[in-house]
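Data block below; observations after.
We name chains A, B, ... by the order of the sequence lines, and we start the count at 1 in each one. All of these numbers come straight from a predicted model, not from anything done at the bench.
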Number of protein chains: 2
Amino acid sequence: MATTTEENYLKAIYHLNGDRDGKSLRTNELADYLVIAPSTVSNMLVKLSEKGLIEYQKYGRITLSHSGEEIALSVLRKHRLWETFLYEKLGFTWDEIHDVAEELEHINSQKLIDKLDELLGYPEYDPHGDPIPKANGQSRETYKKTLSMAELGKPYQIVAVKNTSVEFLQYASEIGIELEAKISVNSRLDFDGSMEIEIGGTARTVSQKVAENVYVG
Amino acid sequence: MATTTEENYLKAIYHLNGDRDGKSLRTNELADYLVIAPSTVSNMLVKLSEKGLIEYQKYGRITLSHSGEEIALSVLRKHRLWETFLYEKLGFTWDEIHDVAEELEHINSQKLIDKLDELLGYPEYDPHGDPIPKANGQSRETYKKTLSMAELGKPYQIVAVKNTSVEFLQYASEIGIELEAKISVNSRLDFDGSMEIEIGGTARTVSQKVAENVYVG
DNA sequence: AAATATTTTTATACAAACCTAAATATTATT
DNA sequence: AATAATATTTAGGTTTGTATAAAAATATTT
Ligand SMILES: [Mn+2]
Ligand SMILES: [Mn+2]
Ligand SMILES: [Mn+2]
Ligand SMILES: [Mn+2]
């Protein structure tokens with residue numbers, strides 16, 4: 001069995017190798033993401049590699065092995081099912097669920113997760129719009145079009161958010177950014193990438209950074 | 001904050017000091033209960049004592065401090081609420097819930113436990129008949145009368161079970177021992193304390209050990 | 001009350017997960 | 001291609017929670 005720490009590494013590697021354009025994942029990037037020292041990561045990479053959970057050799061690129069990816073997907077499945085539970089059944093808001101799910105995802109019980117899935121009615125997406133991997137490890141691909149890439153004047157719907165920090169999600173809620181909300185871009189300012197949008201009938205200005213964290217479809 | 005291990009120690013001390021008749025709790029008994037070496041316990045006792053969570057000095061008796069008891073009760077509350085959730089909402093059987101709750105009880109989120117309590121309708125007892133401590137730390141006293149102490153011929157109801165091992169609970173279910181079941185003792189054999197009982201209309205023989213693990217009222 | 005047995009503590013060690021600082025390898029710049 | 005900058009690993013330490021074996025304290029038996 002993988003420890004909680006190992007599971008978090010595998011999930012991080014899966015995540016960081018997900019939306020990248022070819023660039024190979026390296027020690028420092030993982031260390032930054034996990035907010036720990038590069039030397040700690042370096043040691044752990046040797047251990048994960050010895051356990052057959054990642055493909056890796058000194059100074060090289062970091063990728064998951066087949067069994068490593070299986071674990072990463074199962075932890076991600078648990079994470080997103082718990083988030084859905086907290087949101088749907090316990091009335092948590094979407095900015096409160098991530099941190100708690102970060103702990104719950106490490107509870108070991110196949111029956112628990114199967115029954116939770118059943119209780120929730122086999123949801124396909126979590127409250128941030130992210131796809132929930134299936135029990136067999138199948139997972140839908142992630143979204144590609146962000147609000148910052150949207151065409152001017154065209155009507156869109158919000159399908160997911162990228163960032164799950166409390167700060168972003170609370171701000172997003174305040175300005176009406178929520179799943180399935182109708183949204184369109186009126187204009188884009190070349191200088192800083194900020195844009196005038198219309199959301200729920202109200203006109204707003206959002207920064208490029210915000211626009212890059214909203215997926216539309 | 002207490003670590004998961006510390007929480008488990010405090011809960012164990014609370015439990016072992018609960019149904020005892022004056023005998024003072026000592027290192028070896030704790031070590032046996034937790035299935036770890038006495039030296040490990042000895043070291044941990046010094047740490048817990050330094051943290052002000054227990055009253056203890058070398059070679060002496062072990063009791064919880066006020067703040068130690070607060071933590072023990074809050075962990076016990078979480079444990080029993082989770083057990084109730086698994087049983088009521090996810091269809092687990094009463095022999096499957098303890099081990100999973102043993103992990104879930106260490107998740108840190110006040111909101112999570114408050115909302116769980118609400119979802120369950122503020123239950124008073126867990127699926128083993130044990131009282132669930134209130135949020136303010138109040139807890140009903142534990143039961144005193146076991147089946148082995150019952151009067152012959154008198155009608156009783158099962159109110160709780162003492163042992164939560166899979167082996168005991170599965171056997172108990174098989175012979176009709178479940179909460180609220182009507183039960184009476186026909187005869188008791190002095191030789192080994194075994195007894196003839198009638199439960200749900202069926203006559204059975206149970207050992208003294210089984211009878212000591214069933215609470216009636 | 002001595003001797004013996006038992007319990008508890010102390011000394012020492014190990015694994016996991018982290019750290020800082022130093023050494024080394026890789027990459028970028030001149 | 002040599003030098004400088006950056007990334008990564010290695011060396012050496014810390015903390016938490018565990019273990020075994022030896023020492024010391026307490027309890028029991030003779
Ligand atoms: Mn996690
Ligand atoms: Mn999510
Ligand atoms: Mn526990
Ligand atoms: Mn219980």
Let me know the distance between [atom1] of [X] and [atom2] of [N], rounded to the nearest Å.
X	N	atom1	atom2	value
B/Leu34	D/dT18	CG	P	8 Å
A/Leu25	D/dT8	CG	P	9 Å
B/Lys23	C/dT7	NZ	C1'	16 Å
A/Met44	C/dA16	CE	P	9 Å
A/Glu6	C/dA15	CD	P	15 Å
A/Met1	C/dA16	CE	C1'	18 Å
A/Ile62	D/dA7	CD1	P	14 Å
A/Leu45	D/dT10	CG	C1'	14 Å

Query - Below 4.0 Å: OP1/OP2 of C/dA16 and any side-chain N or O of A/Thr5 - result: no

Query raised in the report: Any side-chain N or O of B/Arg26 less than 4.0 Å from the OP1 or OP2 oxygen of C/dT7?
Result: no

Query raised in the report: Between A/Asp126 and A/His79, does any side-chain donor sit less than 3.5 Å from a side-chain acceptor?
Result: no

Query - B/Glu196-B/Thr205 side chain donor-acceptor pair, cut-off 3.5 Å - result: yes

Report summary line: Taking a pair to mean Watson-Crick or G-U wobble geometry with both distances below 3.5 Å, D/dT30 pairs with C/dA1

Report task. Could you tell me whether B/Lys145 and B/Glu151 make a salt bridge, using a distance below 4.0 angstrom between a side-chain N and a carboxylate O? Result -> no

Query raised in the report: Charged N to carboxylate O below 4.0 Å: is that the case for B/Lys51 and B/Glu6?
Result: yes

Query raised in the report: Where do B/Tyr14 and B/Ser139 come nearest, in terms of heavy atoms and distance?
Result: OH-OG, 4.3 Å

Report task. Please say which of A/Lys11, A/Lys78, A/Arg80 ends up in a salt bridge (charged side-chain N to carboxylate O under 4.0 Å, His left out) with A/Glu105. Result -> A/Lys11

What nitrogen or oxygen pairs link the protein and nucleotides 4-6 of chain D at under 3.5 Å?
none

**Report entry** Lys/Arg cation over aromatic B/Phe92: A/Lys111, 6.0 Å, 45° cone
**Finding:** yes

Query raised in the report: What string of B, S and - do you get for nucleotides 19-27 of chain C 5' to 3' if you count protein non-hydrogen atoms under 4.0 Å?
Result: BBB--BSS-

Query - Derivation and outcome, side-chain hydrogen bond (donor to acceptor under 3.5 Å, both in side chains), residues A/Ser148 and A/Thr146 - result: CA-CA 5 Å; A/Ser148 54; A/Thr146 62; 2.7 Å; yes

Query raised in the report: For A/Val46, which residues count as a side-chain contact (heavy atoms from CB on, under 4.5 Å) partner, sequence neighbours excluded?
Result: A/Glu50

